[in-house]
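Here's the structure we're looking at; comments come further down.
If you read the sequence from its start, that first residue is 1, and numbering goes on from there. Not measured: the values here are computed from a predicted model.
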Amino acid sequence: MKYYFNKTVNGTFEEVIDAVTNRLKDEGFGILTEIDVTQTLKKKLDVNFKKYRILGACNPPFAHKALLAEDKIGTMLPCNVIVQEVEEGVIEVAAVNPMASMQAVENKKLGDIAIEITAMLENVINKL
């Protein structure tokens with residue numbers, strides 16, 4: 001099982017960020033965190049890196065259910081989605097596969113939640 005789902009799309013980096021954010025919103029996710037890896041690497045290491053952003057997506061009702069089922073699951077939240085420029089006009093979007101990450105947690109209730117979140121994130125990627 002792959003630990004992520006991905007798709008490559010055409011467009012500008014910012015257009016794809018907007019599309020991903022909107023598809024996540026359609027599935028009930030909001031963006032809690034946004035890490036601009038390009039900017040961070042430039043600032044901290046003075047290196048140039050391709051356009052690369054990590055979006056920390058959260059679906060509050062499901063996060064709440066997951067935390068009630070397993071209080072340490074916060075170590076795996078939020079669900080990360082990356083957007084990276086492969087080449088100008090070609091952007092890859094990848095989302096974590098919750099089913100892959102939940103294999104390490106033996107909790108049936110959590111597994112059921114992961115199945116639902118997995119379907120939602122796959123739907124986000126597929127609709128791009």
>> To check you understand the geometry: which heavy-atom pair defines the closest contact between Tyr3 and Ala100, and what is its length?
In response: CA-CB, 3.8 Å

> Taking the six-membered ring of Phe62, is the NZ or CZ of Lys65 close enough (under 6.0 Å from the centre) and on axis enough (within 45°)?
Replying inline: yes

>> Could you check whether Glu14 pairs with Arg53 (Lys NZ or Arg NE/NH1/NH2 to Asp/Glu carboxylate O, under 4.0 Å)?
In response: yes

>> Treating Asn97 as the side-chain partner and Lys2 as the backbone partner, does any N or O pair qualify as donor plus acceptor under 3.5 Å?
In response: yes

>> Before you tell me yes or no, could you show the steps for Ile31 and Thr21 under side chain to side chain contact (heavy atoms under 4.5 Å, CB included), namely the whole-Å CA-CA distance, both residues' side-chain angles and the distance that decides it to 0.1 Å?
In response: CA-CA 7 Å; Ile31 304 299; Thr21 301; 4.2 Å; yes

>> Taking Val83 as the starting point, is it possible to reach Met120 by hopping between hydrophobic residues whose side chains are less than 4.5 Å apart?
In response: yes

> Any ion pair linking Asp26 and Arg23 (charged N to carboxylate O, less than 4.0 Å)?
Replying inline: yes

> Can you tell if the side chain of Val37 reaches within under 4.5 Å of the side chain of Ile54, non-hydrogen atoms only?
Replying inline: yes

> Which residue pairs pass the side chain to side chain donor-acceptor pair (under 3.5 Å) test with at least one member in residues 118-128, sequence neighbours excluded?
Replying inline: Glu27-Asn123

>> I'd like to know if the side chain of Asn107 and the backbone of Ala69 have a donor-acceptor N/O pair within less than 3.5 Å.
In response: yes

> For atom CD of Gln39, is the number of surrounding heavy atoms from other residues, nucleotides or ligands below 6.0 Å larger than 12?
Replying inline: no

> Hey, any chance Phe5 and Ile17 share a hydrophobic cluster, counting ILVMFWY side chains that come within less than 4.5 Å of each other, even indirectly?
Replying inline: yes

> Taking everything shown except Lys25 itself, do over 12 heavy atoms lie less than 6.0 Å from its NZ?
Replying inline: no

>> For Gln84, is there any backbone N or O sitting under 3.5 Å from a side-chain donor or acceptor partner on Lys50?
In response: no

> Are Val96 and Tyr4 side-chain neighbours, meaning at least one heavy-atom pair lies under 4.5 Å?
Replying inline: no

> At what distance, to the nearest 0.5 angstrom, does CG of Leu24 lie from SG of Cys58?
Replying inline: 11.0 Å

>> Can you tell me which residue among Thr12, Val90, Ile91, Thr38 is in a side-chain contact (heavy atoms from CB on, under 4.5 Å) with Glu85?
In response: Ile91

>> Distance check, rounded to the nearest 0.5 Å: Met99 atom CE versus Leu121 atom CG?
In response: 12.5 Å

> With respect to Val20, which candidate in Ile82, Val93, Val9 satisfies the side-chain contact (heavy atoms from CB on, under 4.5 Å) definition?
Replying inline: Val93

>> With rounding to the nearest 0.5 angstrom, report the CG to CG distance, Asp71 to Leu67.
In response: 8.0 Å

>> Any donor-acceptor pair under 3.5 Å linking the side-chain atoms of Asn48 with those of Lys42?
In response: yes

> Atom CG in Asp36, atom OH in Tyr52: separation rounded to 0.5 Å?
Replying inline: 12.0 Å

>> Let me confirm one number: the CG-CD1 distance from Asp112 to Ile117, rounded to the nearest 0.5 Å.
In response: 12.0 Å

>> Please find the pair of heavy atoms, one from Ala94 and one from Asn6, that lie closest to each other, and give the distance.
In response: CB-CB, 3.8 Å

> Out of curiosity, Glu70 CD to Met102 CE, how far, rounded to the nearest 0.5 Å?
Replying inline: 9.0 Å

